[in-house]
Amino acid sequence: MKIFLADVQATLNLGIKLGQTLTPGTVILLEGDLGAGKTTLVQGIGQGLGITESIVSPTFTLINEYTQGRIPLYHLDLYRLQPLEVAGLNLESYWEGIEIEPGIVAIEWAERMPYQPESYLCVRLSYGDNSNRQADITGLHCNISELIAKI
């Protein structure tokens, strides 16, 4: 499903709605060029979860954990990594909830992952005409139409 985003605020608002709707264990694979709005979308998700802490891209830390909201938000950024480096991170512990509290896992530059979870949302952000942006939301083993109806 394609959602047209007129400006940065529209991207933030989409994130807020996702944050208000998504449940623990949701994995969001974020794809798109630099500046397409991936971090802005995650900031909105954080707002929708009730997180008041400033959400910044974890480009150099790789993973930022925000646990004071309705449910935890785990924000990962794989921009600086190659697929073999990503494989050694054991990211599945975040979506399987093995050693951490289940939450929402948002992964920027997810195309660098050599493996994917069994169930996920994929949000591909891109530039459209006249500097507009759009979000193309797809998923594997998740009910996209139910989610879209809620947002």
Does [X] use its side chain to pair, donor to acceptor, with the backbone of [Y] at less than 3.5 Å?
X	Y	result
Thr26	Leu22	no
Lys38	Asp33	yes
Asn64	Val56	yes
Asp7	Ala10	yes

- Message: For the residue pair His75 / Glu65, report whether a side-chain donor-acceptor contact shorter than 3.5 Å exists.
- Response: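 No donor-acceptor contact under 3.5 Å links the two side chains.
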- Message: Regarding Tyr74 and Glu101, do their side chains bring together a donor and an acceptor under 3.5 Å, going by distance alone?
- Response: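 Absent: no donor and acceptor within the cut-off.
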So, taking the atom named [atom1] in [X] and the one named [atom2] in [Y], what distance separates them when rounded to the nearest 0.5 Å?
X	Y	atom1	atom2	result
Ile63	Leu76	CD1	CG	4.5 Å
Ser126	Lys2	OG	NZ	6.5 Å
Asn13	Ile3	CG	CD1	11.5 Å
Leu91	Glu96	CG	CD	10.5 Å
Leu41	Ile28	CG	CD1	6.5 Å
Arg133	Tyr127	CZ	OH	5.0 Å

Indicate, with yes or no, if [Y] and [X] share a hydrophobic cluster defined by side-chain heavy-atom contacts under 4.5 Å among Ile, Leu, Val, Met, Phe, Trp and Tyr.
X	Y	result
Met1	Leu125	yes
Val105	Tyr79	yes
Phe4	Leu121	no
Tyr66	Leu12	no

- Query: Between Gln68 and Ile51, does a side chain to side chain contact (heavy atoms under 4.5 Å, CB included) hold up when you go through it step by step?
  - Reply: CA-CA 6 Å; Gln68 80 278 21; Ile51 295 170; 3.3 Å; yes
- Message: Please determine whether side chain to side chain contact (heavy atoms under 4.5 Å, CB included) holds for the pair Gln20 and Ile16, giving the CA-CA distance in whole Å, both sets of side-chain angles, and the decisive distance to 0.1 Å.
- Response: CA-CA 6 Å; Gln20 293 169 339; Ile16 291 169; 3.7 Å; yes
Measure across [X] and [Y] and return the closest heavy-atom pair with its distance rounded to 0.1 Å.
X	Y	value
Gln43	Ile55	NE2-O, 2.9 Å
Pro24	Pro102	CB-O, 3.9 Å
Asp77	Ser57	OD2-OG, 2.8 Å
Ala135	Leu14	CB-CD2, 3.9 Å

- Message: Would Arg112 and Leu81 count as a side chain to side chain contact (heavy atoms under 4.5 Å, CB included) here? Give the steps.
- Response: CA-CA 7 Å; Arg112 297 175 188 228; Leu81 302 178; 5.6 Å; no
- Query: Going by heavy atoms in the side chains, are Trp109 and Leu30 under 4.5 Å from each other?
  - Reply: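 SC-SC contact between Trp109 and Leu30 ruled out.
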- Side chains of Val27 and Ile107: closer than 4.5 Å at any heavy-atom pair?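 They are in contact (side-chain heavy atoms under 4.5 Å apart), so the answer is yes.
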- Item | Full working for side chain to side chain contact (heavy atoms under 4.5 Å, CB included) between Leu5 and Gln134 | CA-CA 5 Å; Leu5 306 167; Gln134 68 181 28; 5.7 Å; no
